[in-house]
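The structure under discussion appears below in the form of structure tokens.
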Amino acid sequence: HVQLVESGGGAVQAGGSLRLSCAGTGTTIRAYCMSWSRQLPGQEREALATIDTEGTVTYVDSVKGRFTISIDNAKDTLTLQMNSLKPEDTAMYYCGADTRYGTYCSANIQYEPEFRGQGTQVTVST
């Protein structure tokens with residue numbers, strides 16, 4: 001089992017950047033399909049990006065070219081660099097870990113991760 005804690009959220013103006021982090025404890029996050037997702041109140045969670053155990057990354061179209069998912073191996077931390085932020089990016093952001101592998105570890109497959117953090121709020125103003 002892995003415990004996940006997100007950080008780095010906050011308020012930013014449109015066009016700005018934020019870097020989210022997700023620290024894992026208990027088990028190395030490199031053993032999992034790691035993901036970032038977001039959710040607005042009353043709406044379904046939207047998967048954004050994944051990185052698998054081989055380092056292969058996937059993105060949904062709405063964030064491709066603006067967001068970058070990566071793992072800091074030294075710190076065993078998942079990150080999400082978010083650039084060119086838009087007001088519609090405002091949401092609660094979550095990191096997740098699950099045991100999908102290969103092509104199943106994809107942001108374009110709706111999947112509830114086995115482990116998820118408590119979330120960090122991102123607010124983008126005009």
Side-chain angles (χ1 to χ4, degrees):
H1 290 256
V2 62
Q3 292 80 45
L4 303 171
V5 178
E6 301 95 338
S7 62
V12 65
Q13 288 189 326
S17 298
L18 281 175
R19 186 178 180 86
L20 305 184
S21 295
C22 173
T25 58
T27 307
T28 174
I29 64 172
R30 287 166 287 169
Y32 294 93
C33 167
M34 296 299 298
S35 60
W36 285 101
S37 61
R38 65 189 178 191
Q39 188 173 24
L40 286 169
Q43 296 187 19
E44 291 188 358
R45 188 172 303 115
E46 175 191 18
L48 302 175
T50 60
I51 182 167
D52 72 7
T53 58
E54 301 296 323
T56 301
V57 301
T58 70
Y59 300 94
V60 294
D61 287 345
S62 61
V63 305
K64 194 175 296 182
R66 299 189 299 125
F67 292 9
T68 302
I69 187 172
S70 62
I71 289 178
D72 184 329
N73 289 318
K75 297 181 180 179
D76 204 31
T77 298
L78 179 73
T79 64
L80 185 69
Q81 178 67 41
M82 305 187 295
N83 299 327
S84 303
L85 283 163
K86 306 174 182 180
E88 51 264 44
D89 293 320
T90 295
M92 185 71 79
Y93 283 69
Y94 299 91
C95 68
D98 62 71
T99 54
R100 287 180 293 168
Y101 62 93
T103 56
Y104 294 100
C105 180
S106 170
N108 296 293
I109 297 175
Q110 288 300 315
Y111 188 90
E112 187 64 31
E114 285 95 313
F115 309 102
R116 182 167 57 88
Q118 294 299 306
T120 185
Q121 178 67 37
V122 171
T123 303
V124 185
S125 60
T126 56

Going hydrophobic residue to hydrophobic residue with side-chain gaps under 4.5 angstrom, can you get from V12 over to L80? yes

Would you kindly say whether E114 and T99 are connected by a side-chain donor-acceptor distance under 3.5 Å? yes

Does any part of the side chain of Y32, heavy atoms only, come nearer than 4.5 Å to the side chain of T53, both counted from C-beta? no

Find the distance between CD (E6) and CZ (R116) and round it off to the nearest 0.5 Å. 8.5 Å

With the 4.5 Å side-chain cut-off for hydrophobic clustering, are V60 and I51 part of the same group? yes

Does atom CD of E88 have more than 12 heavy-atom neighbours from other groups under 6.0 Å away? yes

Roughly how far, to the nearest 0.5 Å, is the CG atom of L78 from the OG atom of S70? 7.0 Å

Looking at T123 and A11, would you say the former's side chain and the latter's main chain have a donor-acceptor pair under 3.5 Å? no

Would you list the pairs meeting ring-ring contact (aromatic ring centres under 6.0 Å, His included) in which at least one residue belongs to residues 49-108, sequence neighbours left out? none

For P87, is there any backbone N or O sitting under 3.5 Å from a side-chain donor or acceptor partner on T90? yes

Would you compute the distance between atom OG of S37 and atom CG of L48 and round it to the nearest 0.5 angstrom? 6.5 Å

Quick one: does T27's side chain have a donor or acceptor within less than 3.5 Å of a partner on H1's backbone? yes

Got a second to check how far I71's CD1 is from R30's CZ, nearest 0.5 Å? 8.0 Å

Rounded distance (nearest 0.5 Å) linking atom CG of D61 with atom CG of N108: 6.5 Å

Is a salt bridge present between R100 and D52, judged by a nitrogen-to-oxygen distance below 4.0 Å? no

Side chains of R19 and N83: closer than 4.5 Å at any heavy-atom pair? no

Is it the case that more than 12 heavy atoms not belonging to Q118 sit under 6.0 Å from its CD atom? no

Indicate the atoms forming the closest heavy-atom contact of L4 with C95, along with that distance. CB-SG, 3.7 Å

Could you state the interatomic distance from CD (Q81) to CG (L18), rounded to the nearest 0.5 Å? 8.5 Å

How close do R38 and S62 get, counting heavy atoms only, and between which atoms? NH2-OG, 4.0 Å

State, yes or no, whether a side-chain contact exists between M92 and R45 at a heavy-atom distance under 4.5 Å. no

How close do M34 and I69 get, heavy atom to heavy atom, and via which atoms? O-CD1, 4.0 Å

Under 3.5 Å, side chain of T79 to main-chain N/O of L20, donor-acceptor pair present? no

Under 3.5 Å: donor-acceptor pair, side chain of T77, backbone of K75: yes

Using a strict 4.0 Å threshold on nitrogen-to-oxygen distance, state whether D89 and K86 make a salt bridge. no

What do the steps show when you test T50 against S35 for side chain to side chain donor-acceptor pair (under 3.5 Å), and what is the final call? CA-CA 4 Å; T50 60; S35 60; over 6 Å; no

Closest heavy-atom pair and its distance - S84, S17: N-OG, 4.4 Å

Where is the tightest heavy-atom contact between G24 and V2, given as atom of each residue plus distance? CA-CG2, 4.2 Å

